[in-house]
There are 2 protein chains.
Amino acid sequence: MYASHLFPSSRDVALPGYGLPSEGSILESLFAARPNETLAAGEVAFWEGDVASHVYRVSEGCLRLYRILPDGRRAIMGFVFEGEIVGISCQGTYRYTAEAVTPARLRRLDRRRLQALAAGAEHLQTFLLGRMFEEMSAAQQHIIVLGQLGAEERVAHFLMSAACRTGADQKRPVVIDLPMTRQDIADYLGLTMETVCRIVSKFKRHGLIALEGRYKVVLRRIGDLRELAGGFDDGEPSVERGMARRAAAWAH
Amino acid sequence: MYASHLFPSSRDVALPGYGLPSEGSILESLFAARPNETLAAGEVAFWEGDVASHVYRVSEGCLRLYRILPDGRRAIMGFVFEGEIVGISCQGTYRYTAEAVTPARLRRLDRRRLQALAAGAEHLQTFLLGRMFEEMSAAQQHIIVLGQLGAEERVAHFLMSAACRTGADQKRPVVIDLPMTRQDIADYLGLTMETVCRIVSKFKRHGLIALEGRYKVVLRRIGDLRELAGGFDDGEPSVERGMARRAAAWAH
DNA sequence: CGTTATTTTGACCCATGTCAATACGGGTGG
DNA sequence: CCACCCGTATTGACATGGGTCAAAATAACG
């Protein structure tokens with residue numbers, strides 16, 4: 001059940017979304033056998049409150065996951081990209097609406113069937129559980145971003161997360177795709193669209209990034225961005241970092 | 001109901017098919033067989049980054065769960081009270097430090113042993129999984145509080161959460177215990193101590209609450225507090241609420 | 001190409017943070 | 001049991017980050 005060691009902790013735990021790459025699992029073959037459904041931009045895969053009957057794998061495109069508060073505010077809980085899975089950590093009903101940012105395609109697995117399969121397959125069970133741990137970890141990371149970081153830090157962190165997710169991490173100029181709107185980013189980071197714009201512009205002005213059209217960003221000085229992001233990342237704390245924190249904790 | 005990360009109570013597992021009372025008591029009896037260890041206020045049960053070797057049940061007192069950022073900021077991820085369990089949703093290493101707010105006592109279960117037991121006990125497995133879902137749900141709730149709510153809303157939500165957890169929810173004047181310091185509350189809500197103070201004072205001035213000493217609050221007008229909290233709670237969305245959200249989503 | 005939604009920028013304001021001074025409460029020792 | 005003391009909480013004055021409202025610029029798409 002808690003066989004964590006079996007799973008290499010993924011490096012991309014801090015990514016803005018809840019879906020994580022799923023390569024290398026039997027899940028892949030299960031999904032591959034399902035039809036590839038199409039979603040136009042703005043269409044909804046499932047609604048918050050719906051019975052969580054399926055687990056989805058995005059084969060193409062990008063989804064936003066959000067909740068609408070009673071007064072109309074929208075909280076984006078995450079984004080899901082190609083190759084990632086959504087709907088695993090739901091119980092009973094979905095906790096957010098999943099809507100296509102771009103035209104998208106996805107395959108769905110029946111939850112009950114998946115559950116039944118997992119019951120007999122130790123490693124599938126462990127894999128799913130590992131996924132939940134990752135989502136939990138990502139949620140905790142997001143809590144820290146929203147609770148502790150200022151606007152610049154949040155945007156920098158968002159860019160870094162996107163970079164990590166895109167794969168290329170340390171390499172110099174990384175180009176990342178941000179198919180979502182500024183408003184989406186704002187709703188995800190707990191800021192306004194205008195603030196996101198200003199900060200992006202500022203980063204550009206200072207040469208940290210460059211824009212290529214509306215939905216592509218070149219990260220030109222990743223080190224500086226990481227520093228701006230608060231200097232913390234999402235991996236398991238290394239020994240030294242663990243110690244550093246312990247020391248910091250002692251200080252007060 | 002109102003959040004619960006704050007107070008992830010182990011009793012109110014109200015989701016259909018998960019966490020039946022008897023399932024909980026298995027875990028209870030496992031814990032009951034363990035020695036009751038003592039922690040002085042300020043002592044640490046485990047550190048962020050430590051190998052997550054045990055699961056703990058607080059038999060008395062209150063713990064704060066936190067992470068320290070590289071620059072010294074402290075993010076409190078939650079509080080744990082008597083009867084509650086901590087450490088279930090960790091993988092490999094603990095993701096936060098657990099420190100006693102008050103003098104506390106707790107019992108620990110070896111994680112590997114629990115794992116082994118769960119492997120043969122379907123309902124124990126289900127129970128543990130249900131707890132993880134709850135923690136996930138609570139984390140998502142916290143994300144919304146931090147990302148979308150203003151300072152007053154956050155404090156109101158915090159008080160409501162505490163009230164729900166204390167049990168009495170609808171009854172008029174509810175007295176709640178807040179053994180943590182204002183700074184703790186601030187670090188939990190992503191505010192400053194001063195802001196928390198001002199808002200508490202304001203609530204008092206307006207007759208929403210009354211203070212009894214430093215660590216007890218009387219909620220005198222729960223309805224108003226709930227409204228201030230943003231009018232949303234943590235339960236499964238009801239049908240109407242689901243529809244309302246859907247409508248709101250359509251609006252744009 | 002033109003049309004329209006999205007983004008960007010600007011001016012202004014407010015909520016919340018910061019810094020600093022008191023006040024309070026509760027634990028301790030006499 | 002009382003009084004003192006120190007850490008915590010509260011309040012105040014001021015600064016500022018980020019929100020709001022509005023206008024202008026830009027890019028995506030037909």
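By convention in this document, chain letters (A, B, ...) are assigned in the order of the sequence lines, proteins followed by strands, and residues within each chain are numbered from 1.
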For a quick test of reading the model, state the closest non-hydrogen atom pair linking B/Y56 to B/R108 and the distance between them. OH-NH1, 3.4 Å
If you look at every heavy atom in B/M77 and A/I144, which pair is closest and at what distance? SD-CG1, 4.1 Å
Whole Å only: how far is the [atom1] atom of [X] from the [atom2] atom of [N]?
| X | N | atom1 | atom2 | answer |
| --- | --- | --- | --- | --- |
| A/K202 | C/dG10 | NZ | C1' | 16 Å |
| B/R182 | C/dA23 | CZ | P | 19 Å |
| B/Y215 | C/dG25 | OH | P | 12 Å |
| B/E153 | C/dA15 | CD | C1' | 12 Å |
| B/K216 | C/dG25 | NZ | P | 15 Å |
| A/Q148 | C/dT16 | CD | P | 16 Å |
| A/I199 | C/dT8 | CD1 | P | 12 Å |
| A/L178 | C/dT7 | CG | P | 11 Å |

Close aromatic pair by centroid cut-off 6.0 Å: B/Y94 and B/F46: yes
Quick one: side chains of residues 201-218 of chain B, donor-acceptor pairs under 3.5 Å with protein atoms, not counting sequence neighbours, listed by atom name and distance.
| unit_1 | atom_1 | unit_2 | atom_2 | d |
| --- | --- | --- | --- | --- |
| B/S201 | OG | B/C197 | O | 3.0 |
| B/K202 | NZ | B/E152 | OE2 | 2.5 |
| B/K216 | NZ | B/D177 | OD1 | 3.1 |

Residue A/S201, side-chain heavy atoms: nucleotide from C/dT9, C/dG17, C/dT8 that is nearest: C/dT9
Describe the nucleic acid contact of [X] in one word from base, sugar-phosphate, nothing, applying a heavy-atom distance below 4.0 Å.
| X | result |
| --- | --- |
| A/L211 | sugar-phosphate |
| B/R214 | base |
| B/I185 | nothing |

DNA chain C: 5'-proximal contact among B/R198 and A/T181 (nearest heavy atom): A/T181
Before giving the answer on side chain to side chain contact (heavy atoms under 4.5 Å, CB included), spell out for A/E135 and B/M136 the whole-Å C-alpha distance, their side-chain angles and the decisive distance to 0.1 Å. CA-CA 8 Å; A/E135 286 194 34; B/M136 192 65 198; 3.9 Å; yes
Sequence neighbours excluded, the answer for side-chain contact (heavy atoms from CB on, under 4.5 Å) partners of B/E43 is B/L39, B/A40
Give the first and the last nucleotide of DNA chain D, reading 5' to 3', that has any atom under 4.0 Å from a heavy atom of chain B. D/dG7 to D/dA13
5′-ward residue of the pair A/L149/B/V200 relative to DNA chain D: B/V200
Check this for me: A/E227, atom CD, are more than 12 non-hydrogen atoms of other residues, nucleotides or ligands nearer than 6.0 Å? no
